2 protein chains.
Amino acid sequence: MKDRDSGEQPATSRVAGVAEVLGRRIAEGRYPPDSTLPTEPELADALGVGRNAVREAVKMLAGKGLLRTSRRAGTIVQPHAEWNLLDPDLLSWSLGSPQARERLLDELMDLRWMIEPEVAAKAARRATTVQCLRMWEAFEAMERERDDPVASIDADILFHRRLFEAADSRLLLSVFTAFSVLLRVNFATANEHDNAFVSNLEEHKAVLEAVQRRDADGAAAAMRKLLTNNRADIERVRAQSRGEMAQV
Amino acid sequence: MKDRDSGEQPATSRVAGVAEVLGRRIAEGRYPPDSTLPTEPELADALGVGRNAVREAVKMLAGKGLLRTSRRAGTIVQPHAEWNLLDPDLLSWSLGSPQARERLLDELMDLRWMIEPEVAAKAARRATTVQCLRMWEAFEAMERERDDPVASIDADILFHRRLFEAADSRLLLSVFTAFSVLLRVNFATANEHDNAFVSNLEEHKAVLEAVQRRDADGAAAAMRKLLTNNRADIERVRAQSRGEMAQV
DNA sequence: AGGCATTTGTGCGTATGTATT
DNA sequence: GAATACATACGCACAAATGCC
């Protein structure tokens, strides 16, 4: 959404657009914590929408912990600690600045190391046959779409999601959906490294086979191997891009 | 907030109240997924508020993934998969039904086992002296308030939060705030077991000391011990309450 | 300490889009 | 396929509260 729309029909709803604009500005620090936003009428005018749209967008952001409103004082940006970073919207808005992006990817990696091996083990213990089937479907999609960057990443994410579903925990599944947007960036980065996807496929297959033979420890180990290689790919790509930066 | 307020001043803001009422109803299944809510004027009338309050509350809930609005079709409840269960508000609304409560506590336990030992290790590696001090403060509050059920639990939660803060990951901190509402229920249950709190204090102290001497493995081990005993306390309380149920 | 300017809160009338008939 | 009814989307006007002078 532009700062001022000029007659084009809204592909997305108005409040969603306003929420995204404000959310991005807050995430990138243009409105820093403890500062007050422009007044609602000002924002409405600046964005070319009615005040109600602004109010509803503000309420959405307040629900995500980004804002707090009080009379007379205005709309105040909350400190970072109050933000619900596990909200997919907020997460995607936060990926704007490159340094925040890099840091979030590191933190994602830590979180994956804590959770995914255990999830694989859990899946090995509890997966139903139909859940195994669904995971094989996702794996086959990864193989089939290996040359399409977007589709292969979609399939990859779907694979991990199915694994979480097999672990049979709504809480864990919510954690996954929260960081799946980060996962997409992670995969996109890792796949810049050539040949990464081939070994990646092997590792996914190993996890899946361990799950199917109900080998919890084996599934966890296979997942750790997958994560190790993923981390290595990321490191390699980063080193490479830093090298290119230095050349220029 | 009652279904109809009768003149008392709003302790909480109006839209927050409406959002909570609707959120609870959705969480407890009174408005099941794919069903449509009553129309905005109906809701506004039924709740004794203006349409704008309803609209802003709906936008809040939509931001949490519970609702989707479209013209003419009305306000539709999203399927569970779309819900952002890691939102603290939604989590607390979901604790209404006892079976959901028990299941969420089990899932919380699994998640803690995956995350907290690693967080303790991370804290041991990265905690600054002032962060250590903050953790000691929280620990001392636990000791001081050991006879006050509410205050001791607050201090306990604060202790764990400070540990997460020391681990220095915004992502992990968000995970913590998400499940801290579950943690409260967990602690409240565990403390029904007499004498639980005494050993609990010892275990917290052990974690803290390991962190302070930068012993990552020791901190993780101490945290695992803490979690083991916490799980045992929960099990004991559950067995006890089931026994009482059987007696009656 | 008290009035006042300013900002969010609240409620309703109108516009717009969409599924149904 | 076009008219129509219905529900959300939108914008304005007024109320209330609260920080500042």
Side-chain angles (χ1 to χ4, degrees), chain A residues 1-22 25-26 31 34-78, chain B residues 1-22 25-26 31 34-78:
Chain A
M1 180 177 232
K2 311 282 176 35
D3 276 7
R4 203 168 249 293
D5 76 349
S6 348
E8 76 272 32
Q9 75 264 10
T12 172
S13 102
R14 230 116 128 185
V15 300
V18 174
E20 184 172 338
V21 170
L22 296 181
R25 288 184 187 172
I26 296 167
Y31 298 134
D34 293 321
S35 68
T36 68
L37 263 59
T39 69
E40 289 173 352
E42 280 171 358
L43 279 174
D45 190 53
L47 300 174
V49 298
R51 196 161 80 93
N52 238 336
V54 173
R55 286 186 57 73
E56 286 166 24
V58 165
K59 283 295 180 296
M60 265 187 64
L61 298 178
K64 297 177 192 298
L66 271 74
L67 294 175
R68 166 175 60 91
T69 63
S70 83
R71 282 183 150 132
R72 169 64 186 164
T75 305
I76 301 118
V77 179
Q78 292 273 63
Chain B
M1 181 181 230
K2 310 283 178 33
D3 279 6
R4 204 166 246 295
D5 75 349
S6 348
E8 76 271 32
Q9 77 265 11
T12 171
S13 100
R14 226 112 128 188
V15 301
V18 173
E20 185 174 337
V21 170
L22 296 180
R25 288 183 187 172
I26 295 167
Y31 298 135
D34 293 321
S35 69
T36 67
L37 264 59
T39 68
E40 288 175 351
E42 281 172 357
L43 279 174
D45 190 53
L47 300 175
V49 298
R51 295 228 310 283
N52 240 335
V54 173
R55 286 184 58 73
E56 286 165 21
V58 165
K59 281 296 179 296
M60 260 186 70
L61 297 178
K64 297 177 191 298
L66 272 72
L67 294 174
R68 166 175 62 89
T69 64
S70 82
R71 282 184 147 130
R72 169 67 182 155
T75 305
I76 301 115
V77 179
Q78 293 274 62

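A quick note: this is a predicted structure, and the numbers were derived from the prediction, not measured. Here is the naming used below: chain letters follow the sequence lines, and residue numbers restart at 1 for every chain.
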Measure across A:M60 and B:G63 and return the closest heavy-atom pair with its distance rounded to 0.1 Å.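 Reported closest heavy-atom pair: CE-CA, 4.0 Å.
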
Counting only distance, no hydrogens or angles, is the base of C:dG9 paired donor-acceptor with the side chain of A:R72 under 3.5 Å?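 Check fails, no donor-acceptor contact within cut-off.
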
Has the side chain of A:R51 got a donor or acceptor that lies under 3.5 Å from a partner of the other kind on the base of C:dG9?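 Counting by modelled atom types and ignoring angles, a donor-acceptor contact under 3.5 Å is found here.
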
Write down the distance between [atom1] ([X]) and [atom2] ([N]), rounded to a whole number of angstrom.
X	N	atom1	atom2	value
B:E56	C:dG9	CD	P	7 Å
B:R55	C:dG11	CZ	C1'	13 Å
A:R71	D:dG19	CZ	C1'	14 Å
B:E40	C:dT16	CD	C1'	14 Å
A:I76	C:dT7	CD1	C1'	10 Å
A:L47	D:dG11	CG	C1'	15 Å
A:N52	C:dT14	CG	P	16 Å
A:L43	C:dT6	CG	C1'	15 Å

Are B:V77 and B:L67 close enough that some pair of their side-chain heavy atoms sits under 4.5 Å apart?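 In short, these two side chains touch, coming nearer than 4.5 Å.
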
First of B:G50 and A:T75 reached from the 5' end of DNA chain C, by closest nucleotide: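 The answer here is A:T75.
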
N or O in side chain of A:R14 less than 4.0 angstrom from D:dG11 OP1/OP2: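 For D:dG11, OP1/OP2 do have a side-chain N/O of A:R14 under 4.0 Å.
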
